[in-house]
Amino acid sequence: MSHEAHEAEEPATPHLDFQGTTPYEDYVKADVLTHLQQTLSDDPGEMVFLVTTQVMELWFTVIVHEWETATGALREDDVPTAVAALKRSVRELEALNASWRPLSQLTPAQFNSYRDALGEGSGFQSAMYRRMEFLLGEKSASMLVPHRAAPRVHAELEKALHEPSLYDEVLRLLARRGHAVPESVLRRDVSQRYEPSAEVEAAWAALYSGDETDELARLGEALTDVAELVWRWRNDHLVATRRAMGAKPGTGGSAGVAWLEKRARKNVFPELWTARSHV
């Protein structure tokens, strides 16, 4: 083999010399992300707690983006785009739920070693998680109160409170496609928590009794995948909290495990679950 041919097969050396920061840094902002961790105790375990919580916030942000994409697509009768966004969010929810693993075996002693550093900080104060809940139909105006001192965040949450949820747009689509969704549901105050409807349950049961390849049936299954993983998120949260602190009150003044147990018993998109008993 000639010297020239050998040189031609050598892998190209990556470009290493840039003006200013690297293009990777410009896009990802890794230096910002990796310097956001400011622990408040001397306990080495606080770092994984803080980073895991920040990772959860990033996944919340992605999932909100997907569900807002799906909501907008449903408003335009674009079911394929909505289903694609929901399917992406299923994979993202799986990654979000896996975030509990680094914290899932915390003992009370380990958690207590840095718990005081949290002060009154609590996960229920997460604005992005609240936007997720609002998109699921879990509306509550009182949950805006903690964010009054942050105008941008408060305005975003107030907007989300008064907009139709993902499920509201699903039910409006069902009605436009000829399914018997009652006017009381279609014209409900969307700033209030969604409550199950017997008529909506019957509409889903009728849809599921038909063609399984129907576009709306596939939408229902994508929503069910989302709902199942939301339920798993709540249960994983409950188990991790129960293991780390037992039945003590939560850091933000909530009832802790008792509050999480109540949340874990609720299903989102409830009629998608109850309708299955009638198919």
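Positions are given from 1, in the same order as the sequence printed here.
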Peer 1: Tell me every residue that passes salt bridge (charged side-chain N to carboxylate O under 4.0 Å, His left out) with R243, counting only those two or more places apart in sequence or in another chain.
Peer 2: none

Peer 1: Does anything in residues 141-150 pair up under side-chain hydrogen bond (donor to acceptor under 3.5 Å, both in side chains), and if so which pairs, sequence neighbours excluded?
Peer 2: S140-S142

Peer 1: Who passes ring pair (Phe, Tyr, Trp, His ring centres under 6.0 Å) against H15, sequence neighbours left out?
Peer 2: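 If we apply the ring pair (Phe, Tyr, Trp, His ring centres under 6.0 Å) test to H15, skipping adjacent residues, the hits are F18.
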
Peer 1: Could you grab the distance from atom CH2 of W59 to atom CE of M132, nearest 0.5 Å is fine?
Peer 2: 12.0 Å

Peer 1: Shortest non-hydrogen contact from M245 to R115?
Peer 2: CE-NH2, 3.6 Å

Peer 1: Below 4.0 angstrom, N of the basic side chain to O of the carboxylate: do R234 and E133 qualify?
Peer 2: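 Looking at R234 and E133, the cut-off is met.
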
Peer 1: Within a strict 4.5 Å, meaning less than it, do heavy atoms of the S165 and L135 side chains meet?
Peer 2: no

Peer 1: For T71 and E169: C-alpha separation, side-chain torsions, deciding distance, then whether side chain to side chain donor-acceptor pair (under 3.5 Å) applies.
Peer 2: CA-CA 6 Å; T71 301; E169 293 295 355; over 6 Å; no

Peer 1: Quick one: closest heavy-atom pair of A117 and L40, and the distance?
Peer 2: O-CD1, 3.4 Å

Peer 1: In terms of side-chain geometry, is the basic nitrogen of R188 or D168 positioned less than 4.0 Å from the acidic oxygen of its partner?
Peer 2: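 Looking at D168 together with R188, the answer is yes, because their closest N to O distance falls below 4.0 Å.
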
Peer 1: For the residue pair A127 and L157, what are the closest heavy atoms and their distance?
Peer 2: O-CD2, 3.6 Å

Peer 1: Test: ring-ring contact (aromatic ring centres under 6.0 Å, His included). Region: residues 183-220. Which pairs qualify, not counting sequence neighbours?
Peer 2: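 Residue pairs with at least one partner in residues 183-220: Y167-Y194.
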
Peer 1: Run the salt bridge (charged side-chain N to carboxylate O under 4.0 Å, His left out) test against K262 and tell me which residues pass, sequence neighbours left out.
Peer 2: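 For K262 there are no salt bridge (charged side-chain N to carboxylate O under 4.0 Å, His left out) partners, ignoring immediate neighbours.
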
Peer 1: Of the non-hydrogen atoms in S113 and D43, which two are nearest, and what is the gap between them?
Peer 2: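 Where S113 meets D43 most closely, the heavy atoms are OG-OD2, 2.9 Å.
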
Peer 1: Excluding sequence neighbours, so at least two apart, what forms salt bridge (charged side-chain N to carboxylate O under 4.0 Å, His left out) with R131?
Peer 2: E68, E156

Peer 1: If Ile, Leu, Val, Met, Phe, Trp and Tyr residues are connected whenever their side-chain heavy atoms lie under 4.5 Å apart, and connections chain through other members, are V279 and V181 in the same group?
Peer 2: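 Same cluster: V279 reaches V181 through Ile, Leu, Val, Met, Phe, Trp or Tyr contacts under 4.5 Å.
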
Peer 1: Has the side chain of E199 got a donor or acceptor atom that lies under 3.5 Å from a matching backbone atom of A180?
Peer 2: no

Peer 1: May I have all residue pairs that pass salt bridge (charged side-chain N to carboxylate O under 4.0 Å, His left out) and include part of residues 265-275, sequence neighbours excluded?
Peer 2: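 The answer is E138-K266.
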
Peer 1: Quick check: closest heavy atoms across V90 and A222, and the distance to 0.1 Å?
Peer 2: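 Heavy-atom minimum between the residues: CG2-O, 4.5 Å.
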
Peer 1: Scan residues 89-105 for pairs that pass side-chain hydrogen bond (donor to acceptor under 3.5 Å, both in side chains), counting only residues two or more places apart or in two chains.
Peer 2: W67-S89

Peer 1: Name the orientation class of the two ring planes belonging to Y114 and F111 (parallel below 30°, tilted from 30 to 60°, perpendicular beyond 60°).
Peer 2: perpendicular

Peer 1: For the backbone of W231 and the side chain of N235, can you confirm whether one donor and one acceptor N or O come within less than 3.5 Å of each other?
Peer 2: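 Looks like yes, one N/O pair under 3.5 Å.
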
Peer 1: Where is the tightest heavy-atom contact between R172 and P164, given as atom of each residue plus distance?
Peer 2: NH1-CG, 3.5 Å

Peer 1: For E261, enumerate each residue passing the salt bridge (charged side-chain N to carboxylate O under 4.0 Å, His left out) test, keeping only those at least two apart in sequence or located in another chain.
Peer 2: R242

Peer 1: Could you tell me which residues satisfy side chain to side chain donor-acceptor pair (under 3.5 Å) with T274, sequence neighbours excluded, listed by chain and number?
Peer 2: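 E201.
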
Peer 1: Hey, could you give me each pair passing salt bridge (charged side-chain N to carboxylate O under 4.0 Å, His left out) that has a residue in residues 207-231? Not counting sequence neighbours.
Peer 2: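 Counting only pairs at least two positions apart or across chains, the salt bridge (charged side-chain N to carboxylate O under 4.0 Å, His left out) contacts touching residues 207-231 are R177-E215, E221-R276, E228-R232.
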
Peer 1: What pairs with Q37 under side chain to side chain donor-acceptor pair (under 3.5 Å), at least two apart in sequence or on another chain?
Peer 2: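 Q37 satisfies side chain to side chain donor-acceptor pair (under 3.5 Å) with Q54 once adjacent residues are dropped.
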
